[in-house]
Amino acid sequence: MAKKKAKKAAEVKTIEFVADALEPVSSVSTPKALATEAASVVEAETAAVVAEKTPAEVDFESRSPAFKELAMPKLPHLERQNRARLQVQSPNKIFFYWSLRSNPF
């Protein structure tokens, strides 16, 4: 028969955590002071962004009138009539769209 090995007693390893000394809280780091400071930073950044034109706006202004006309698509005018459309997207989703010729209200 095979010999059984004797199990060694498990060694217990411990890790000690030592808390750092607490530093006193200054009045600058109060939630109200932090919120006021954050609000002033956001206002300054917003003002800087509003004052500047984005590259897309500058680029759009320098384009030709034909480009500006084509960049703003216009939908065709649909005559007002009574219509209804039922769309089945899946067994669980059915959409019903309708429009009325006259305003019922």
Side-chain angles (χ1 to χ4, degrees):
M1 288 197 204
K3 293 182 181 179
K4 293 185 178 179
K5 295 184 180 179
K7 293 185 179 179
K8 294 183 180 178
E11 294 180 18
V12 178
K13 295 183 181 180
T14 59
I15 300 174
E16 292 183 25
F17 292 100
V18 179
D20 294 336
L22 297 176
E23 297 179 11
V25 178
S26 67
S27 62
V28 176
S29 64
T30 61
K32 186 176 181 181
L34 291 174
T36 305
E37 182 181 340
S40 63
V41 169
V42 168
E43 287 175 10
E45 290 177 354
T46 304
V49 168
V50 170
E52 298 177 6
K53 288 188 176 181
T54 61
E57 290 174 347
V58 173
D59 189 41
F60 186 76
E61 291 175 356
S62 64
R63 297 291 183 148
S64 67
F67 178 84
K68 291 178 184 178
E69 184 72 26
L70 293 173
M72 303 287 185
K74 296 176 185 167
L75 296 175
H77 178 69
L78 290 176
E79 293 183 25
R80 304 269 311 173
Q81 59 181 331
N82 295 332
R83 63 171 71 115
R85 183 174 62 189
L86 184 66
Q87 286 185 333
V88 180
Q89 185 173 356
S90 69
N92 297 329
K93 292 185 181 180
I94 297 175
F95 296 98
F96 182 67
Y97 298 96
W98 71 94
S99 66
L100 302 173
R101 180 178 194 140
S102 61
N103 188 358
F105 301 105

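As the structure is a computational prediction, the values presented were derived from the model and not from experiment.
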| request: Hey, could you give me the OG/CZ distance between S99 and R85, rounded to the nearest 0.5 Å? | output: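 Taking OG in S99 and CZ in R85, the distance rounds to 9.5 Å.
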| request: Measure the CD-NZ distance between Q87 and K93 for me, rounded to the nearest 0.5 Å. | output: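 Here the interatomic distance stands at 12.5 Å.
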| query | With sequence neighbours excluded, what pairs up with F96 under the ring pair (Phe, Tyr, Trp, His ring centres under 6.0 Å) test? | reply |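 Ring pair (Phe, Tyr, Trp, His ring centres under 6.0 Å) check on F96 returns W98.
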| message | Are M72 and F67 linked, directly or through intermediate hydrophobic residues, by side-chain heavy-atom contacts shorter than 4.5 Å (ILVMFWY only)? | response |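 Yes; M72 is reachable from F67 via cluster members.
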| Tell me, do K68 and P65 make a side-chain contact under 4.5 Å, heavy atoms counted? |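 Of all side-chain heavy-atom pairs linking P65 with K68, none is under 4.5 Å.
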| Ionic contact status for E69 with R63, cut-off 4.0 Å |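 Salt bridge absent between R63 and E69.
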| field | Polar side-chain atom of N82 near backbone of L100 as donor-acceptor pair, under 3.5 Å | value |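 Answer holds: no.
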